[in-house]
There are 2 protein chains.
Amino acid sequence: MDTALNLFNEKGLAQVSLRTIAESMRISPGNLTYHFKKREEIVEALYYEFVAEVEERFEEMNLSEIKLNLVFDLILMLTETRLKYRFLMRDFTTLIAENPSIKKHYVAVIKKRKSQSMGIFDHLIEQKILRPAELENEYEHLYERIQILGNFWITSALMQGNKMTNATVERNFEMVVQIMYPYLTNKGKREWERLT
Amino acid sequence: MDTALNLFNEKGLAQVSLRTIAESMRISPGNLTYHFKKREEIVEALYYEFVAEVEERFEEMNLSEIKLNLVFDLILMLTETRLKYRFLMRDFTTLIAENPSIKKHYVAVIKKRKSQSMGIFDHLIEQKILRPAELENEYEHLYERIQILGNFWITSALMQGNKMTNATVERNFEMVVQIMYPYLTNKGKREWERLT
DNA sequence: CTAAATATAGTACAAATGTACTAATAAATA
DNA sequence: TATTTATTAGTACATTTGTACTATATTTAG
């Protein structure tokens, strides 16, 4: 799975066949199909590994006090994990089109995350770190934008030929996280100062 | 090309072979390869058709006075055109990985659009419709976010199983365009009211 | 009307891919 | 140690796909 992950990240899902993986591991194709009857199984296993990793790191986070840095930490954590499994992002559409199980799971996760995020936003508004909503669905839409940006900035950067150096990652993290800034109150902005 | 576009949009680039297209047109595969020597040629032709369409609609737009509605119009125009050629968005990574010509063109377009957009932002700031930047690269980052959202909201919506109804499109247009709202001055917000 | 061009159909071919199958080898267990 | 189980290698097969090739048919032009 490690080898497959590296190859998928490097070349993209479609460009990596069972034989490619087997060759890279210096085992026979037959051996590989013994452990993973279907190619989909490897991909699926990697997807659920990714999900588990996000879950695990989420559990580790300090949710006792919801402050602005929690949002930072969440976005950063997701950035790092998505980066590790970036082929999933890059080929997400194909993946989901071909794998109903993953699709179902993904849709459920999105829904769950959305309600969690809305909870955090509400809390931050109560604490006067975020300003109250001025438009209909304003924070729902904000969440959706963060969601899309989080999922696709890697793809977008790769498309423009950027290598995934630390500098690239930092720059893009900043680009994503700045979406929060104009919703901050003065109190929120002071906290922002401390965080950046 | 019409048939190919429809099939690509419907099933995704990878799922549509030359034979699929030929069958759907009720012509022979040989006939198709006579007109398009390579499958890539069809895809490439569609990409440049898309580019031309964006260009054309851009020319048609009234650029004489830069106001907030120009930004609305631009985003709406791009939304519609991208929707028409949505397979390009959906499979953009594959496309760009496999076609250096398209990649080169895309990277150049992004760069050009960025400087155009920055010009518009500057103008709107001068007109006190947008507030001045408070952070480093604030409007550059805003542009990049709009860029990514514009490119990928369709993909994201499709991944969640949404059909591309008018309602979906409208909802997502609102979601994208609202990213501008918190940067507006009071004057800008009054203009926003008139537009929505 | 005839010749040249364009268009179409049908088929063939090589390459790649997922996967199934068989035989041999290594490891575990009783 | 003997035997059962797990692992590995190697190969075979069916399918798909892009594309090339050839022979007709149709259209265009002189």
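Keep in mind that this is a model prediction, so the values were computed, not measured. A note on names: the letters A, B, ... follow the listed sequences, proteins ahead of strands, and every chain is numbered from 1.
- Among the nucleotides C/dC13, D/dA9, C/dT19, the one closest to the side chain of A/L18 is C/dT19.
- Taking atom CZ of A/F36 as the reference point, atom P of C/dT17 lies 19 Å away to the nearest angstrom.
- Proximity note for A/N31 (side chain, C-beta onward) versus D/dT7, D/dT11, C/dG18: the nearest is D/dT7.
- Linking ILVMFWY side-chain heavy atoms closer than 4.5 Å, directly or via other members, places B/I66 and B/L195 in a single hydrophobic cluster.
- Side-chain proximity of A/H35 to D/dC21, C/dT19, D/dT8: nearest is D/dT8.
- Distances were taken from every side-chain heavy atom of A/R19 (C-beta onward) to each of D/dA12, D/dG18, D/dT11; the shortest belongs to D/dA12.
- Comparing D/dT7, C/dG18, D/dC21 by their nearest atom to the side chain of A/R39 picks out C/dG18.
- Phosphate proximity of C/dG18 to A/K38: absent, as no side-chain N or O sits under 4.0 Å from OP1 or OP2.
- Checking C/dT8, D/dA6, D/dC13 against the side-chain heavy atoms of A/Y34 singles out D/dA6 as nearest.
- To the nearest angstrom, C1' of C/dA16 lies 15 Å from CD1 of A/I21.
- Using cut-offs of 30° and 60° for the angle between ring planes, the B/H105 and B/Y47 rings count as perpendicular.
- A straight line from CD of A/E23 to P of D/dG10 spans 13 Å, rounded to a whole angstrom.
- If you check every strand for non-hydrogen atoms under 4.0 Å, A/S17 touches sugar and phosphate atoms only.
- Candidate nucleotides D/dA20, C/dG18, D/dA9 were compared by shortest atom distance to the side chain of B/K37, and D/dA20 ranks first.
- The aromatic rings of B/Y139 and B/Y183 lie tilted to each other, with the angle between the two planes from 30° to 60°.
- More than 12 heavy atoms of other shown residues, nucleotides or ligands fall within 6.0 angstrom of atom NZ in A/K187.
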